[in-house]
Every structure is written in structure tokens, then in C-alpha cells.
Amino acid sequence: MIPIRFDHADAAAGILQQWEAAGCSHADASSDKPPFSIVIPPPNVTGALHLGHGLNNTLQDIVVRRKRMQGYETLWMPGTDHAGIATQAVVERRLKENENQTRHDLGREALVDRIWQWKDQYETRILNQLKRMGCSCDWERLRFTLDPVCAAAVRATFFDLFQKQRIYRGKRLVNWDTFLQTAVSDDEVFNETKKGHFYHLRYPVIDPQSGEPESLEIATTRPETMLGDTAVAVHPDPASAFDQVAAGLQEKLAEASEKEKPAVEQQITALEKRRDEMLPQLLLLRDMAADGRKLRLPLLDREIPIVADEWAKPELGTGCVKITPAHDPNDYEVGLRCQLPMLNVLQPDGTINAEGGKYEGLTIPAARKAVVADLDALGLLGDVEDREIELPISDRSKTPIEPYLADQWFVAMNELAQTAMDAVADERVQIFPERYRRGYLDWLSEKRDWPVSRQLWWGHRIPIWSTGGLSQSEANELSDQLEKVAQQHPGQISHRIDADSDDTVAVFVCVRDEDETVEADVQSLGLAQDPDVLDTWFSSALWPHSTLGWPAETAELAKFYPTSTLITSRDIITLWVARMVLMGLNNLGEVPFSEVFIHPKILDSFGKTMSKTAGNGIDPNDVTDKFGPDALRFGLARIAGDTQDVRMPVQFECPSCEKLIDQTRKTQKLPRLDCPACGKPFSTQWAETEEDKALPKGAVVSERFETARNFVNKLWNASRFTLMNLEGFQPQSIDVASLPIEDRWLLSRLSSVTEQVSEGIDRYQYSEVARILYDFAWDEFCSFYVEIAKPRLSDPEQKAMTQNVIAHGLDQLLRLLHPIMPFVTESVWSYLGGLAPRRGVPEPVNAGAFVMTSEWPTAHADHHDVKIERQFSEFQKIIGAIRQIRASQNIKPSETVPVAIRCDESSRELLEPMKAYFASLASADIVAIGSDAKPFETDAHLGLPEVDVDVHVDLEKFIDVDAELGRLEKLLSQITGQISGKENKLNNESFVSRAPAPIVAKERESLTGLREQYASVQNDISRLKAKKR
RNA sequence: GGACGAUUAGCUCAGUUGGUUAGAGCGCCACGUUGACAUCGUGGAGGUCACAGAUUCGAGUUCUGUAUCGUCCA
């Protein structure tokens, strides 16, 4: 006997096993079915999956399962990403916390070993999370961005780009993380406003001419960087710079609201004053720069020039700005323009290097203190102002970023970016929702070269061997030797000679395959491999083809590339999606996917991004534990509309009483809480003390999944009812036209729903699909069809036919729901198969072992019948009217009420055979039906003018006159309101003359109906009042 | 500073090309448990559609502006 509840915990593991044993999700590259393929956005091995991944993977699985059912050879390629810096940072942080060691204590090899251990642990966890969610990836294929297959793709790509001169070496100011001692990308830096100081310093002028100042004053928030100063800049044309700023302010004034105007006016006055006071001095400075006057840099006693550059803003500070090209992005640009030396004063660990003279070895804060004190002692320190400073912070180590000049490998983006832009512009790649196109195109149009070096140990080592400091002839000789090595290893070696410094050159060799012999041959010539690794996104960019075996010409690649669609989140459209497109085009000449769907991001109820660090992160496993995998998936699908964010309230689940407790901003971060329901304490992810850790842990979940769990239960129980009534099931052919209205209504609805669901999935309208299925399953299949089936199944004459139709209805519903709720549908499917293995309308067919591999339903256009649906809706309205009257009279469901239905002849023909259903749906006994049906002596009446029906309920046994009068009065006031609304509208001359005639006619008609209804209700009221007396 | 999105019932969200008195789920209130389901059923209460203008016979829906929140980019 089928149990009363679906025990997901019990069922899920078995179902997974059966699917696996039957190879349901394995893709066959040699199949002749049309291909459909998706690559998983590889989750980071940094940590476990959160609900955002849950959403992402649910949406993919829905598409994948649906396509598989449609008969495509479907590959969902799983895998994980090594996430270079993030993973290394996590492991390094733990190393520091647990063993108080740095990576340098451990050494490269040992650290990388540790990270592999971490990776193994989290990869296992991640894959289990995906499997538990029911993700139907091809688990026989599994890639990792650092595995040998992906590594071969990385090497081949790098080699190719190197040969095409699209990879070059250059110096670049990078965001240097002094803690992790690596450059981090712009995306890994956030800004924080901190309190700091604005120091005014004076640099003496060397040999000032008469009338010229003895010293120049500059101001800085980072005084220690003066050690690296190589110039002071002034504006080349201060007068027109002032004019330009003034013009800008005037423009702003013209656009300003009254409220803002005074502030802008004030700015203009201040600017004018400043111009008057400062312009002569600034012109003088400009002339000094032109004249080649120099400054003496204090503390280091170095001569530095005054240069003219527009970066010096006359309207700010003293109008002079110190230039530190190696430690400030803007100054770097000035340095390039004015050909200034780039003087690096930092060690990789953030201490001052030998260039800093006596400050060598000091940390930045210590150097700052010392520099300021020494300048003060020399009388060269001016004002020190308090000021708020925007400080760049590394997202990885949470320590301040230092701009730092370093050698980096770059990918030239000019042409590559253009190919990726073209692919989207001409819609070879379509992005949904469409609004995300713009961000993609804008970002690519900047065509900024891509710095791919990372000073890390975890990642693909850059396949470049080099040696520097050579004379041109030495280099040529080496080049000749390399040619010889290259001949021994055809297609494996590419090299180039490049300037190293002003008078020396370096030789760079790129080795294609990871081949120890080749590498050894190169090394024997005195070349050493670059210590850096590649940006993670370099390997991720190859994911759609590297996972299929490229550069090898595999059957998988032939069958499944290009992939069909990519489903991901918007924050990596540029970092990942754009780069996959250009790499796919470069390596294979074909876009990697034709459609990209960007799904929303999940926020908590305060509008904050969900994350573990915020304490509001939900683990999909916790939701599955509590509500089941189907509820998790359905709950996620139903929130996936086309907005960019969705909110999800977050609760703690009390481990003692299972109550859900709303998170507040405060409780999100507490190590322990007391359950307000049962009073017992529990711990959270923040628990640190032994005492707190000993408490049972409260999971973080969301009540949003409760609805979905209830839906699973509803489906289960409707199935249970159906199965309990399939005894003696005999498959039979069915003539649809001869079926009673309720069956044809079901088939018609199934036809519409199938079409809507198919179209919805094609357009990635998940929330719409979930809603349609929920409403159909609950409000139509359960609330009406199953209820109506009850009397029919106990009628021997109708039983067999009804069994066939309801089995078909359930069968179709299971198929339609399967992509969203795979477990419960599979479970019911196997019960159904036990009782009715051959089923279907109009012709029964063998259903197959798994719903997962069953055929996706087709929408039978010939089953769709507008008239039947309209007629059935009339029936539903009458049921509603009877229920309304019953409820207002407080009549118990166990009591049957006599009902008379006044309607026209065609309705009578329709409703006559349905009389029994009024009993099961509304406990009503239809005593009269048709045009001659009359009100009862003790009558309650509800008119349905839109279908020209009057419903009369006999209240003889039940009448509560006051309750009935109450109901009627309320009804009357509603009608009155509507009538006056309509009258106003129709009395409005311009409405009548200007609105389209059909609209006006409709309003007139509806007013007439309302007036009739009014009269009728009023009549009922006076009748009742008379009776009362 | 720029781009994008959101603002509709206590909460989370639907609302198709403008056209009856704006819907759902959860929560709330009332009633109901002898076989599909209390993870349920039936009924009910609850909304100046953020604000201000404009277009229109008519605006939750179109346009302009403002505010608040969020995300991304500088």
C-alpha cells in the first residue's frame, strides 16, 4: 500500500541509485539523436555550495531533463574550478590560524599538496550536494580546471596566442596584496572609507631664480610614497584649466534644482577667488617647469624635475602634485607621458626596499611615521589635516592594497574582444534577459588587455621559460640553439626576443605540451620557467571545449560542441561568459553556446546578498533535509523570474522543536540563540566557545520552501488516491469525442498546460512554468478532476473509462512536473507503472520504467476545446455560488442542501449529467434545473449574470434570517458601488463619444445586468424582512 | 559619477498590447476531520499599486521627475 506521505529522505537515495544503474544521465557521443549540451558553471572548490548554486543548478537541470525527455542526446557536463587565489587564500589563512605558518615556511610543493587535499575534500562535498539535488549531470564525465585534460587545453591555447603575438609581457601597476604577496585583479578589490590624514610637505627648489619660491608644497595621504617620487607636476595651462572647471560648474548650475543652486553658486565664487589668488603663482610654476628647474627630494637627497602635466589640478590643493609612478595608477600615467623613471620602493611583503635608504626594512605604517617625523624635524612638514580616505582593500586577505609595478603577461584584447562583440551583436550568441547584452558589449568595447599573471602557486604555471640580461648577439646565438631544439620537437616550441632593459634583451620560450623532455631541453639552455601561474579565468574561458577533450579531436567534441545554452549569474558575464566566447572563437572558430540565460540573484529579506560571511547563507542540503529535494527545486524554480534579484526571508530552524525563527540583522551574527518557542538554546555557524559548540546546531533555512513541500505532498496524495482506485485497470482505446465534459475538460486543459510549459521552459520562464503547473495540479486536477472522479470510480459503468482517463492525466502531470520535481514524480511513476504499465489517451502505450526517460508530452491541439472549457467554468461558478451561500449560513459540510438552478436549455443539457458532482463538490442536491427552476419558499439566491444563471438554495432546515440578511445587505452594497461607478462612467460624455464602441456597449450591458441583480437582491431582502415579522 | 533593477495585501511575489471593483502563496479570522491530502478543505477580512506631474474618455500598466533600497561598473 502506498504510504500516506512521501518520505523523500527514504526515497531519494534509491531513486538516484536506479537512475545511475540504468545510466539515465549518461550521454552517448556516438548516438545519432540530435545533441543538446550544457556545461556546468564550475563551482569553486573554495567552499560548499550555497543556495545561489542551488538555483543555478536547478535551472540547468530543468532544461536538461526536459531536453532529454524530448529525445535529445543530452550532455550536462559537470566539474569544478580551482579558483586560484580564493582557494590558495583560504588554505593559507588556515595554515596561519592553525599552525602559525606562512606558505614560505611550507614551500611551493608542500603548499600545493595541501591545496589539493582541500580541493579533494570540497569537490566531494560539492558533488554530493549536486547529486542530492538530483542534478542529472553525466557523472561518468567529470572535469576539474586543473586536471590534465584541462591543462592540455590551457597549454595549447597559451602557445597558440603566444605564436600569434597575442600574448606579450609588460610592466603594469598591479593591485598588490602584501599579505598574500600576489597581484589581485580589480574584481578582487573593494574600497573602504577610512579616517586618515592629508599631509602637506615642502620640497626645496634647487637654485631658485629671483621671484621664484624657495620650495613647493605638495599634499598627500601617503607620505611614505615620497621615497619613490620622481617628479612634481604642475598644470601646463592653468588658466584654461580654471576656465574649463568654471564652465562645468556653470553647466551644473543651469541644471541644478532650486535647492541645490546655492551650493553650486558658492563653489563658483570660491573658484573665482582661488583663480585670482593663485593664477600668477601657477603660471610661474609652469614657467619653472619649462625652464627645467629641479627640486631636492628631502630625506633621500635626490634631484627630481618639475614637470608640466594635466594631472596636476589647479583647482585642488596647492596645484602641485608629487609623482610616484611605481606606486600610484594616475602617477604611472604621468610617468609614461613625461618619461619619468619608475622607482619601486617596496618589497613584495610590503616593507621598504633598498631604494628607501635608511627606511629600508620598515613596514608601510612604520615608514610613514618615520618619514613624517623626519620631515617635521627638517621643518619641511606643513599642515596635517584629518580626512576620510578611500582605501582599496583586498577581498582575499582583507588587507590594504598597494599599487605595485610588476612584470606581467598580457593577452592583447583588441581583436579577440571584437570577435566576442560581433558574436553577440549578430546574435550567434543570444543573451536572455536581453538587457544584459549592453553590459557585455560595453565591457568588451573597452578592449582592455587582460593581465593573466598571478603571483600564486595554485594554478596553471605559465608555460614560459626565459633568460634575461643578454646582449643582442648572445640572444641571437641562443635563438639559433632554440631553433635546433624546436626542430627536434616539431610544433612544440615558439620563442621570441624582447627588450629587457635599456640595453639588454631577454629570450622567451613558450612550450606547447606538458612534456618533460622538451622542457628539460629548454632548461638545459639556461632558461628558467616563469614562477607565476595563470589567472583562473584563463582556464575557465576554455571550459566549453576543454571539458570535451580539446585540443584532441574527440567524439565528444564533434558531437557536443558548440554547446546549446549556458545558465549562469550576472556577476560573471564579463569575467567568464565574454571570455568563453572569444576563446571558443579563437580555438575552434565557433561560439561556445548559442544561448545564455542569466538568472536572478537571491537576497535575504533585508535586500542583502546571501553569503556565509553575512550569516544568512543557506545550504541546499539543509533545505533538503527539512523539506526534501523536490521542494528545494520547486521553491527555487518558482522564484526564478526575469527580475535581477529575488528576496528570500531567512530563518533559523530550532534543532529541538523544529520551529522556524526569523533572522534579524542582529541574530544573523550571534554564536547562539534561545528558541523563542521552546526556550532551548542552539548554536550557529559563529559558535566559538566550547560551551556554544556543544549545543545542537540550528540550520539556516527559509520558510519559502514550505509551500513547495506542501505542493509535493498534495501531488503525492492526489497520486495516492488515483493509485488506490486503479484496481483492475484495463487499458482501452478511447474515443475522445464521446467522453463526458469533465474528461474532455481535463484533456483540453492538459493540452493548454503542456503547450504553456513547453514554451515557458524554452524561454527560461521558470517561475511562470512553476506557477502554471502548481495551479493546474492543485486547482484543476486535484480540486476538480479528482473530486469529480470519486463518484465515477464507484460507478461500475463509468469506472473503467474513468480509470483510463485519470491514469493518463496523472501520467501527463508527472511528466510535466518531472524536470522540476524529479524524485516525487519518479516515485509515483513506479507505483503507477505497477498498476497501469500500459496507459494513455486515446491509445494506451507502454509507459517505460522511468519518467526521467519517458517522452515529453505533446500538446494535442485537437484536445483543446474552448467551448468545453467555457462550459466547465460555468459549472465551477455555480459550485462557487453554492459554497458561498452555505458558508454565509454556516451550514456544515455533512449537511446536504437542496438547490435549484435557473438556466437556459443548453446549460441544462450540460449540467444535467453533472448533478452527482454537485453532491461531491458542494454537498448539494439538485432538485430542479432549467428555465423553469423556481426560488424556494425559504430561498437564498445568488445571481450569476455573466453566465445567465440563478442559483437558489433552500434554507428551510438551516435558515438564519439575520445571517442571510447580512449576506444580502453586503452583496447589495457591493452592487450599489459598482452601479454608481458604471453610471458615472456612462454619464461621462467624453467616455461615450471617444471610447471604442465595443467597450461602451460592454459597460452598458454590464450596467443593465447589475441593475437587474440589484432589483433581485432587494426583492430577496424585502421578502426575508416580511418573513421575519 | 554611470548603467541596470526593484518599490502592488502584514511577508514573498504575479499582473500579458492601457478597458468591469487589482490576483496568488504564506500569515490572520470563522467553520469543518468515518478513507487522497490538517503538509488539508470551504468561506472571509486585508491594498490611495513609493511619491509628484504629464499623456488619455480611461493609467498598477505609457512618459518625465523625485525618493528609498539593491546589484554591477568607474
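Letters A, B, ... are given to chains in the order of the sequence lines, protein chains preceding strands, and every chain is numbered from 1. These numbers come from a predicted model, not from an experiment.
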For [N] and [X] - does any side-chain N or O of the residue sit under 4.0 Å from the phosphate oxygens OP1/OP2?
X	N	result
A:Thr609	B:U71	yes
A:Lys714	B:C40	no
A:Lys970	B:A45	yes

Pairwise [atom1] distance for [N] and [M], with rounding to whole Å:
N	M	atom1	answer
B:G46	B:G23	C1'	13 Å
B:A45	B:A30	P	15 Å
B:U16	B:G60	P	12 Å

What about [X]: does its side chain form a donor-acceptor pair under 3.5 Å with the base of [N]?
X	N	answer
A:Glu787	B:A36	yes
A:Arg883	B:U42	no
A:Arg994	B:U56	no
A:Gln644	B:C4	yes

| field | Backbone N/O of A:Trp443 and side chain of A:Arg448: donor-acceptor pair under 3.5 Å | value |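 Side chain of A:Arg448 to backbone of A:Trp443, a donor-acceptor pair under 3.5 Å: no, none is there.
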| request: Measure centre to centre between the rings of A:Tyr766 and A:Phe597, then say whether the value is under 6.0 Å. | output: yes
| said: If we count only N and O atoms by modelled type, under 3.5 Å, do the side chains of A:Glu964 and A:Gln889 hold a donor and an acceptor together? | reply: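 Side chains of A:Glu964 and A:Gln889: pair found under 3.5 Å.
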